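Numbers for residues simply follow the sequence, beginning at 1. Remember, it's a predicted structure, so these values are computed and weren't measured experimentally.
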Amino acid sequence: MEEIRTSNFTAKDIFNSATAKPLKSAIGQVLNIVAIYVCERADLNGVVQVVANLKTEDGEIYGTISETVLRSVLALPEMLEEEGSVAIKVEERPGAKGRSYLVASLV
């Protein structure tokens, strides 16, 4: 996958994204997103995963490998370019077989 990065996700943000807060820790919160960075990154076992990183207006960086969130995040660069920031609400929804999944909805 080709990296996707908005212009205000800086080199320092890329470095800090390696230790991003898990997006799951923001369930129920509204986050004002100002930048994104989507990349491939190996986990501690060497398995390469696509990671979506979201930078908030207060400089916090949240990361997730959730496929449902990734699909939403891929729509944000154009909105961020036009608006400067986008408010999202992070939610957990029940899925099949007793599992749950993360979603990010525009507010």
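- Glu91 and Ser105 make their closest contact through OE1-OG, 3.5 Å (heavy atoms, listed as atom of the first residue, atom of the second, distance).
- In terms of modelled atom types and a separation under 3.5 Å, the side chain of Arg5 and the main chain of Ala35 share no donor-acceptor contact.
- Grouping Ile, Leu, Val, Met, Phe, Trp and Tyr by side-chain contacts under 4.5 Å, direct or through others, puts Ile61 with Phe9, Ile14, Tyr37.
- No single ILVMFWY cluster, assembled from side-chain heavy atoms under 4.5 Å apart, contains both Leu23 and Val103.
- Residue pairs meeting the salt bridge (charged side-chain N to carboxylate O under 4.0 Å, His left out) criterion with at least one member in residues 61-82, sequence neighbours excluded, do not occur.
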(request) Check the pair Leu31 / Leu54 against side-chain contact (heavy atoms from CB on, under 4.5 Å), numbers first and verdict last. (result) CA-CA 9 Å; Leu31 303 175; Leu54 300 103; over 6 Å; no
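- Hydrophobic clustering of Ile, Leu, Val, Met, Phe, Trp and Tyr side chains at less than 4.5 Å, counting indirect connections, unites Val86 with Leu70.
- The NZ atom of Lys21 lies 12.0 Å from the CG atom of Asn16; values are rounded to the nearest 0.5 Å.
- Within 6.0 Å of the CD1 atom in Ile65, the count of heavy atoms belonging to other residues, nucleotides or ligands does not exceed 12.
- Annotation: side chain of Ile88 is not in contact with side chain of Val107 (no heavy-atom distance under 4.5 Å).
- With sequence neighbours excluded, the residues satisfying salt bridge (Lys or Arg N to Asp or Glu O under 4.0 Å) with Glu92 are Lys24.
- No chain of hydrophobic side-chain contacts below 4.5 Å, direct or via other Ile, Leu, Val, Met, Phe, Trp or Tyr residues, connects Val30 to Met79.
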(request) Any chance you could lay out the side-chain contact (heavy atoms from CB on, under 4.5 Å) test for Val73 and Asn53, step after step, and finish with the verdict? (result) CA-CA 9 Å; Val73 167; Asn53 298 280; over 6 Å; no
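- Shortest non-hydrogen contact noted between Val90 and Ala26 is CB-O, 3.5 Å.
- Here the shortest heavy-atom pairing between Gly63 and Ala20 reads N-CB, 3.7 Å.
- No donor-acceptor distance shorter than 3.5 angstrom exists from the side chain of Thr56 to the backbone of Asn32, with no hydrogens or angles considered.
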(request) Would you sort out whether Leu80 and Ile36 count as a side-chain contact (heavy atoms from CB on, under 4.5 Å), showing the intermediate values? (result) CA-CA 9 Å; Leu80 288 170; Ile36 64 158; 4.1 Å; yes
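- Taking OG from Ser85 and CG from Leu76, the interatomic distance works out to 11.0 Å, rounded to the nearest 0.5 Å.
- With Asn45 contributing its side chain and Val47 its backbone, the two residues share no donor-acceptor pair below 3.5 Å.
- Closest non-hydrogen pair, Ser72 versus Ala104, comes out as OG-O, 3.6 Å.
- For Ser66 (side chain) and Val69 (main-chain N/O), a donor-acceptor pair under 3.5 Å exists by modelled atom type.
- Counting all heavy atoms, side chain and backbone alike, Tyr101 lies closest to Pro94 at CE2-O, 3.3 Å.
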(request) Please lay out, stage by stage, how Arg93 and Thr68 fare under the test side-chain hydrogen bond (donor to acceptor under 3.5 Å, both in side chains). (result) CA-CA 11 Å; Arg93 296 200 179 144; Thr68 54; over 6 Å; no
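- Distance check, rounded to the nearest 0.5 Å: CD1 of Ile33 to NZ of Lys55 gives 11.0 Å.
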(request) Output, in order, the C-alpha distance, side-chain angles, deciding distance and verdict of side-chain contact (heavy atoms from CB on, under 4.5 Å) for Thr64 and Leu102. (result) CA-CA 9 Å; Thr64 184; Leu102 284 179; 4.0 Å; yes
